[in-house]
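The structure appears right after this line, and notes come after that.
Numbering starts at 1 and runs along the sequence shown. This structure is a prediction, so every number in the text was calculated from the model and none was measured.
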Amino acid sequence: KPWQLSSEVQSQAMLALYNLCKLSMVRQEQAAAHGIVPCLHRLIVTKSNHALHPLRQLAIPLLCDLAHAGPIAREQLLAHDGFTFYLRLLSVKYWHHVAL
């Protein structure tokens, strides 16, 4: 499965994606159109060795930014239960400012 890469490759890919997309709504929209939403969601909710995945620190802000990227990104968020994700994120004090 593509999301079961080695942790080093996964870390490097996530850092590259984060840096490419953080300041570019066009790239965020392209990433959403090419299937990044379910991958980010998996990183955020998956537990590894009974702890949350360390890359969720990058995945959460990137997923939240997609809500502002454009119609394709919002469509993908809705298709992959993004609304429920945002509601849950609002209940976590550390992340609620990012979700807004």
Side-chain angles (χ1 to χ4, degrees):
K1 296 179 180 178
W3 60 86
Q4 293 178 335
L5 300 171
S6 75
S7 61
E8 180 63 26
V9 171
Q10 200 174 41
S11 294
Q12 293 299 317
M14 186 61 209
L15 282 169
L17 181 68
Y18 180 82
N19 287 325
L20 285 168
C21 293
K22 187 60 184 165
L23 299 176
S24 172
M25 288 185 175
V26 172
R27 289 186 184 138
Q28 292 170 12
E29 186 88 347
Q30 290 172 338
H34 289 91
I36 196 61
V37 173
C39 297
L40 292 174
H41 191 262
R42 253 190 310 278
L43 275 176
I44 293 166
V45 299
T46 300
K47 290 189 177 186
S48 172
N49 297 328
H50 305 292
L52 293 171
H53 201 291
L55 291 177
R56 77 190 301 262
Q57 301 293 324
L58 297 174
I60 289 174
L62 192 53
L63 194 63
C64 289
D65 286 347
L66 291 177
H68 308 284
I72 294 171
R74 285 189 291 275
E75 179 182 303
Q76 289 298 308
L77 286 168
L78 287 174
H80 297 284
D81 205 23
F83 184 71
T84 304
F85 167 77
Y86 281 113
L87 288 178
R88 274 191 251 133
L89 199 57
L90 286 171
S91 69
V92 180
K93 191 172 185 173
Y94 183 80
W95 289 111
H96 75 268
H97 70 285
V98 175
L100 294 174

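In Arg74, the CZ atom is crowded: over 12 heavy atoms of neighbouring residues, nucleotides or ligands sit closer than 6.0 Å.
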- Derivation of the side chain to side chain contact (heavy atoms under 4.5 Å, CB included) call for Leu55 and Gln10: CA-CA 9 Å; Leu55 291 177; Gln10 200 174 41; 3.9 Å; yes
- side chain to side chain contact (heavy atoms under 4.5 Å, CB included) evaluation trace for Arg56 with Ile44: CA-CA 5 Å; Arg56 77 190 301 262; Ile44 293 166; 3.9 Å; yes
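Considering NE2 of His34 and CD of Gln76, their distance stands at 10.5 Å, rounded to 0.5 Å. Taking OG1 of Thr84 as the reference point, atom NE2 of His41 lies at 8.0 Å (rounded to 0.5 Å). One distance of note links NE2 of His80 with CD of Glu75; it measures 9.5 Å at 0.5 Å rounding. Of the inter-residue distances, the one linking Cys21 atom SG with Asp65 atom CG reads 9.5 Å to the nearest 0.5 angstrom.
In the hydrophobic cluster analysis, where Ile, Leu, Val, Met, Phe, Trp and Tyr join through side-chain heavy atoms closer than 4.5 angstrom, Leu17 is grouped apart from Leu20. Both Leu43 and Tyr18 belong to a single network of hydrophobic side chains, linked directly or stepwise wherever heavy atoms of I, L, V, M, F, W or Y lie under 4.5 Å apart.
Of the options Leu63, Leu40, Val37, a side chain to side chain contact (heavy atoms under 4.5 Å, CB included) to Phe85 is made by Leu63 and by none of the others.
For the pair Gln28/Ser24, no side-chain contact is recorded, criterion being any heavy-atom separation below 4.5 Å from C-beta on.
The minimum heavy-atom distance between Cys39 and Gly35, with the atom names listed, is SG-O, 3.7 Å. Here the shortest heavy-atom pairing between Met14 and Leu62 reads CE-CD2, 3.9 Å.
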